[in-house]
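Structure, as structure tokens:
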Amino acid sequence: MPDSPAIHTDHLAKAFGRGRQAVQAVKDVSLNVQPGQVYGFLGPNGAGKTTTIRMLMGLIRPTRGEALIFGLPVQNPRALDRVGALVERPAFYSYLSARDNLDVLARTAGNHRSERIAALLEQVGLAEKAHRKVGSYSLGMKQRLGIAAALLGNPDLVILDEPTNGLDPAGIQEMRRFIRSLAEEQGKTVFLSSHLLNEVEQVCDRVAIIHLGALIREGAVRDLLAEGQGELRVQATPLAQAAEALQSRWTVTPDGEWLSIAARPEASPEIVKCLVEQGVSVHQVIIQRQSLEDYFMTVTGNENSAEASHA
Amino acid sequence: MLNLIRAEWKKATKNYMLIGFLVWSYPIGVGMLYGFFVLTALLVPRMRDGLTTMSSGQWTSDMAGIWGMVSTFPGNVFGRMLPLAFMAVIFAGEYQWGTWKNLIPRGRRISLLLAKFITLIAIIATSLLVTTLIAGVMQVIAHKIADLPYGPALSAEALADFARMYIREALLSVASLIILAGYASLAALLTRSILGSLMLGLGFSIVEPITITFFGLLGKLLDNNQAVNLYRFVPTYNIDNIRAWLVTDEALTGMPFGFNAEASLGFSAAMLALWIVGLVLLSAVIFQRQDITS
């Protein structure tokens with residue numbers, strides 16, 4: 001099925017426990033991840049990201065809804081043949097070497113090839129330490145081994161759950177480049193779960209934001225950022241006259257020698273024109289783009305408020 | 001399935017501490033024990049008389065009898081503790097180490113579970129087989145030193161008898177080990193921890209053979225002398241009863257608490273098969289429906 005989405009979920013939900021004791025970990029997640037995308041799955045800790053991923057990997061049975069991988073239900077054993085995943089923190093047999101751990105996983109999947117294991121160990125920078133027991137590895141090394149394990153079966157879809165945990169800054173940069181290269185050079189679909197907003201902003205094409213178990217936004221990163229209001233900062237004299245000229249049309253907040261104006265970047269020529277017409281000297285106009293972090297805080301803040309007022 | 005078994009084999013056999021203490025301790029322990037006796041007898045001549053006290057006087061019985069450690073009541077209550085601990089680690093380790101999440105997406109759950117059963121039994125059976133060989137060789141040496149006869153003499157008939165006895169004991173022990181593995185897997189599935197699995201598995205394993213006491217007391221309490229015969233549904237009884245039928249062509253007798261069920265060979269074989277299939281199936285069903293959250 002070449003046209004099937006890499007991931008499709010339809011009102012996916014999961015509750016742990018029953019009756020009044022039940023904890024609704026995921027309430028309603030509907031996603032469509034197209035092949036070749038790097039798709040960010042963003043949410044604070046406890047939002048339901050890992051539970052959703054575990055449902056995608058067939059580790060947890062959904063209470064409601066369904067999940068399809070390349071058009072096949074995850075319950076179908078063939079569905080996961082095309083998926084490689086690093087779910088939560090990496091877990092391996094500490095008494096086995098990295099090579100033996102990969103060997104065990106490859107055999108479990110029925111696709112054991114020594115040369116593939118060697119190539120992956122080389123790719124993640126563990127070739128020289130491949131004979132060492134994993135128990136002696138740092139978290140960063142285990143994370144690299146987790147990536148190698150995810151790529152073992154040369155999957156079309158790679159699911160990475162917080163892949164930069166435990167990595168040093170250089171490792172994080174390397175991981176970001178690596179994730180992009182998976183999509184751009186190898187044509188893989190990457191589903192990247194993270195609570196690190198700048199990571200998602202830098203790496204992903206599209207992003208879904210999950211909060212308190214429900215999907216609250218989904219779209220291209222660029223579109224989501226454009227959706228936000230943004231801010232313009234203007235340095236002008238006299239400042240009081242400038243504020244007076246603008247406040248009839250925009251929300252203006254004085255900030256020292258500057259004015260902060262809640263407006264989209266496209267409004268800057270109009271603002272400058274308005275100020276000049278009022279005889280105000282404009283020294284500088286700075287467009288402050290909204291970061292994903294600002295956007296995230298805005299939407300999750302709104303959801304929190306809605307939740308609180310609902311309660 | 002072969003690949004899955006090879007993966008399980010590697011995981012189990014490369015855990016040197018685990019396999020050294022819980023599996024190879026049988027052949028190593030037996031070898032060291034006999035070695036100590038032989039060495040002592042060589043150094044202290046008056047110790048030679050005691051050298052063969054552990055022997056039945058026949059290498060056939062001595063070797064085949066080793067299998068009984070895990071299948072014959074009451075020895076099996078303790079004899080099964082080390083294999084059970086090994087099984088608990090193999091089943092529950094995946095929960096404790098968080099490694100199920102790597103395995104389940106790569107294979108069918110039922111196959112993953114079956115591979116564990118097969119590998120466990122193969123490893124423990126190999127260990128017991130090696131133990132029987134070591135025990136046989138050491139007893140030959142001990143009898144030579146003590147200058148005692150050690151029969152039967154090698155002949156086609158003796159070898160055929162030995163093969164029958166050995167295969168019978170090995171198969172009964174393997175059946176007992178599968179049931180033990182069933183207890184261990186259930187305990188692991190329910191507790192998701194090595195210690196929990198070990199404790200609960202030991203509970204199952206110890207309680208099962210001594211349920212005759214419980215049924216006997218229940219019978220006394222209810223003034224029903226048939227209650228004790230419920231013991232005929234318990235695996236340990238059926239293993240011993242099958243052995244009795246194969247050796248003496250009669251049902252097992254001489255049981256305490258007035259047990260007089262005298263189950264047939266067919267009944268015991270069916271009951272044993274039911275336990276084996278039931279425990280494996282129950283484990284598979286629970287595992288299939290289980291959420292893996294670690």
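Quick caveat: nothing in here was measured; it's all calculated off a predicted structure. In the text below, chain A, chain B and the rest are named by the order of the sequence lines, each starting its count at 1. Because only heavy atoms are used, hydrogens play no part in the values below, and waters and symmetry mates are left out as well, while side chains stay in.
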Establish, yes or no, whether a centroid distance under 6.0 Å links the rings of B:Phe91 and B:Phe117. yes
Looking at A:His112, A:Lys14, A:Met55, which has the largest count of heavy-atom pairs under 4.5 Å with chain B? A:Lys14
Surrounding CZ of B:Arg6 (heavy atoms of other residues, nucleotides or ligands, distance under 6.0 Å), is the total greater than 12? no
Give, as side chain, backbone, both or neither, the part of A:Arg61 having an atom under 4.5 angstrom from any heavy atom of chain B. both
Region of A:Leu105 that comes under 4.5 Å of a non-hydrogen atom in chain B: both
Considering only heavy atoms, which portion of B:Trp9 lies under 4.5 Å from any heavy atom of chain A: side chain, backbone, both, or neither? neither
When B:Asn102, B:Leu112, B:Ile104 are compared by non-hydrogen pairs under 4.5 Å with chain A, the top option: B:Asn102
Can you tell me which residue among A:Leu31, A:Leu192, A:Ile7, A:Leu160 is in a side chain to side chain contact (heavy atoms under 4.5 Å, CB included) with A:Phe41? A:Leu31
A:Asp81, part contacting chain B, at a heavy-atom distance under 4.5 Å: neither
B:Arg109 portion near chain A, given a 4.5 angstrom heavy-atom threshold: side chain
Under 4.5 Å from any heavy atom of chain A, what part of B:Glu8 do you find: side chain, backbone, both or neither? neither
Taking atom CD of A:Gln186 as the centre, does the number of heavy atoms from other residues, nucleotides or ligands within less than 6.0 Å exceed 12? yes
In terms of heavy-atom proximity below 4.5 Å to chain A, should B:Ile5 be classed as side chain, backbone, both, or neither? neither
Ignoring hydrogens and angles, tell me if any N or O in the side chain of B:Tyr26 forms a donor-acceptor pair with the backbone of B:Thr132 under 3.5 Å. no
Quick check, are the ring centers of B:Phe86 and B:Trp24 under 6.0 angstrom apart? no
Quick check on the interface: out of B:Leu2, B:Thr293, B:Leu18, who has the most heavy-atom pairs with chain A under 4.5 Å? B:Thr293
Check the surroundings of atom NZ in B:Lys10: do more than 12 heavy atoms from other residues, nucleotides or ligands lie under 6.0 Å from it? yes
